[in-house]
Number of protein chains: 2
Amino acid sequence: MEQRIERIKKQLHSQSYKLTPQREATVRVLLEHEDDHLSAEDVYMLVKEKYPEIGLATVYRTLELLTELKVVDKINFGDGVSRYDLRQEGAAHFHHHLVCIECGSVDEIQEDLLEDVEKVVEDRWNFVIKDHRLTFHGICHRCK
Amino acid sequence: MEQRIERIKKQLHSQSYKLTPQREATVRVLLEHEDDHLSAEDVYMLVKEKYPEIGLATVYRTLELLTELKVVDKINFGDGVSRYDLRQEGAAHFHHHLVCIECGSVDEIQEDLLEDVEKVVEDRWNFVIKDHRLTFHGICHRCK
DNA sequence: AATTTTATTTATAACTATTATAATTTGATT
DNA sequence: AATCAAATTATAATAGTTATAAATAAAATT
């Protein structure tokens with residue numbers, strides 16, 4: 001945990017941003033909820049528990065900043081809310097998601113799975129892939 | 001064109017919805033812009049040219065209805081606006097998208113490409129896939 | 001160390017996309 | 001022609017997000 005924060009701090013500094021207490025508190029919440037897919041509002045509520053003076057706009061700006069630095073990925077499951085998902089350290093690609101239409105749960109797939117598909121797309125469509133979003137909607141193993 | 005409208009009309013009737021003039025005008029706009037990825041506001045502007053009295057809420061409701069009937073798919077490329085994309089008639093799966101981070105263009109991939117991946121996901125994650133969203137972000141062939 | 005500069009935050013207002021509401025209209029049904 | 005349900009309009013409300021101005025904190029300069 002502390003090491004990851006230290007590395008994020010360095011990443012910020014390398015682009016001359018600072019890890020302010022507010023930003024650190026926000027990052028900690030994200031690390032503590034690594035498996036969740038929190039909205040900005042969710043993050044705000046959780047950060048407030050430890051840092052009650054923080055403002056919502058600061059949370060939004062921090063999340064935007066972390067997105068820029070590729071520390072988190074911003075994702076949208078079609079419900080009109082952006083969610084923020086920590087990227088695995090050193091992961092080449094953004095992971096995939098399984099959204100259950102019964103219970104609303106969101107599970108993650110860390111495996112790449114798209115290597116072959118991406119090769120085809122790059123060749124046949126002459127497109128340089130920089131990032132991707134892959135989400136499956138269906139019935140999760142718990143609801144079957 | 002007329003045949004497709006006729007079929008959509010039947011689809012509506014089968015669920016006891018009517019194809020009102022407003023709905024028909026909206027469907028026509030979607031058919032005439034099959035390759036685009038229009039937002040509700042875009043659709044509204046285009047429908048207004050032919051049917052100036054239409055209200056924005058009607059367009060929203062019509063798009064919602066068409067989404068329910070799987071005539072269109074609602075998709076979000078991360079810019080905070082929902083876009084509506086006509087589904088290919090008889091297509092088993094929603095098609096994929098190539099979003100260019102240079103020029104903002106959106107191209108479509110009609111080929112499935114995910115058959116193998118979906119088999120793996122269904123087996124290994126014990127998940128029943130009902131729908132999917134796959135979008136690649138990168139540099140399109142025109143911007144290379 | 002005091003001063004100036006710059007980045008950041010706070011609180012709040014503004015904005016945008018979308019949805020809900022109430023009154024009205026349309027169109028089918030009896 | 002009268003009735004009833006569905007749909008539409010106009011508008012208000014809501015939700016999520018972004019912008020603004022003033023205040024604060026940190027860093028750089030003298």
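None of these values were measured; they are calculated from a predicted model. Protein chains get the first letters and strands the later ones, always in sequence-line order, with residue 1 at the start of each.
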Q: Without swapping roles, check the side chain of B:Ser14 against the backbone of B:Gln11 for a donor-acceptor pair under 3.5 Å.
A: yes
Q. For A:Leu56, which contact category applies under a 4.0 Å heavy-atom criterion: base, sugar-phosphate, or nothing?
A. base
Q: Any chance you could measure B:Leu30, atom CG, to B:Arg87, atom CZ, to the nearest 0.5 Å?
A: 14.5 Å
Q: Please list, in 5' to 3' order, the outermost nucleotides of DNA chain C lying under 4.0 Å from any heavy atom of chain B.
A: C:dA17 to C:dA20
Q: Output the residues of residues 60-70 of chain A in contact with DNA chain D, where contact means a heavy atom of the residue under 4.0 Å from an atom of the strand; sort by number or write none.
A: A:Tyr60
Q. Hey, is the side chain of A:Ser82 poking within less than 4.0 Å of OP1 or OP2 on D:dT17, counting only N and O atoms?
A. yes
Q) Mind checking what makes side-chain hydrogen bond (donor to acceptor under 3.5 Å, both in side chains) contact with A:Glu41, not counting sequence neighbours? A) none
Q | Whole-Å gap separating P (D:dT8) and NZ (B:Lys48) | A | 15 Å
Q | Derivation of the side chain to side chain contact (heavy atoms under 4.5 Å, CB included) call for A:His97 and A:Asp85 | A | CA-CA 11 Å; A:His97 293 94; A:Asp85 203 353; 2.8 Å; yes
Q: Give me the bend of the helix from C:dA1-D:dT30 to C:dT30-D:dA1, using the axes of the five pairs at each end, rounded to 10°.
A: 10°
Q.
Regarding B:Arg28 and B:Glu32, does a basic nitrogen lie under 4.0 Å from an acidic carboxylate oxygen?
A. no
Q. Taking atom NZ of A:Lys119 and atom CG of A:Asp123, what is their separation to the nearest 0.5 Å?
A. 9.0 Å
Check: residues 55-71 of chain B side-chain donor-acceptor pairs under 3.5 Å, at least two apart:
| unit_1 | atom_1 | unit_2 | atom_2 | d |
| --- | --- | --- | --- | --- |
| B:Thr62 | OG1 | B:Thr58 | O | 2.8 |
| B:Thr67 | OG1 | B:Leu63 | O | 2.6 |
| B:Glu68 | OE2 | B:Tyr17 | OH | 3.4 |

Q. Do B:Gln110 and B:Glu108 have side-chain N/O donor and acceptor atoms under 3.5 Å apart?
A. yes
Q) Can you check the A:Asn76 CG to D:dA15 P distance for me, whole Å? A) 18 Å
Q: Among residues two or more places apart or on two chains, list those pairs meeting salt bridge (Lys or Arg N to Asp or Glu O under 4.0 Å) that have a residue in residues 133-144 of chain B.
A: B:Asp73-B:Arg133, B:Asp107-B:Arg142, B:Asp131-B:Arg133
Q | Salt bridge flag under 4.0 Å for residues B:Glu2 and B:Arg7 | A | no
Q. In Å, rounded to the nearest 0.5 Å, how long is the span from SG of B:Cys100 to NZ of A:Lys130?
A. 10.5 Å
Q: If you link ILVMFWY side chains whenever their heavy atoms are less than 4.5 Å apart, which other residues fall into the same cluster as A:Val106? By chain and number, please.
A: A:Ile75, A:Phe77, A:Phe94, A:Val99
**Q.** Sub-4.0 Å heavy-atom contacts from residues 7-25 of chain B onto DNA chain D, ordered by number
**A.** B:Tyr17, B:Lys18, B:Thr20, B:Gln22, B:Arg23
Q. Apart from A:Leu98 itself, what residues make up its hydrophobic cluster when side-chain heavy atoms of I, L, V, M, F, W and Y under 4.5 Å apart count as a link, directly or indirectly?
A. A:Ile109, A:Leu113, A:Leu114, A:Val117, A:Val120, A:Val121, A:Trp125, A:Phe127, A:Ile129, A:Leu134, A:Phe136, B:Leu98, B:Ile109, B:Leu113, B:Leu114, B:Val117, B:Val120, B:Val121, B:Trp125, B:Phe127, B:Ile129, B:Leu134, B:Phe136
Q) What is the distance, rounded to the nearest whole Å, between atom CE of A:Met45 and atom P of D:dG16? A) 11 Å
(Q) If hydrophobic residues (ILVMFWY) are linked whenever their side-chain heavy atoms come closer than 4.5 Å, directly or via other members, who joins A:Val128 in its cluster? (A) B:Ile101, B:Ile139
Q. Start at the 5' end of DNA chain D and walk down; is the nucleotide closest to B:Tyr51 or to A:Lys74 reached first?
A. B:Tyr51
Q: Using side-chain hydrogen bond (donor to acceptor under 3.5 Å, both in side chains) as the criterion, list what pairs up with A:Asp79, not counting sequence neighbours.
A: A:Arg83
Q | Proximity to DNA chain D (any heavy atom under 4.0 Å), residues of residues 28-42 of chain B only | A | none
Q) Do the two ring centres, one from A:His95 and one from A:His93, sit under 6.0 Å apart? A) no
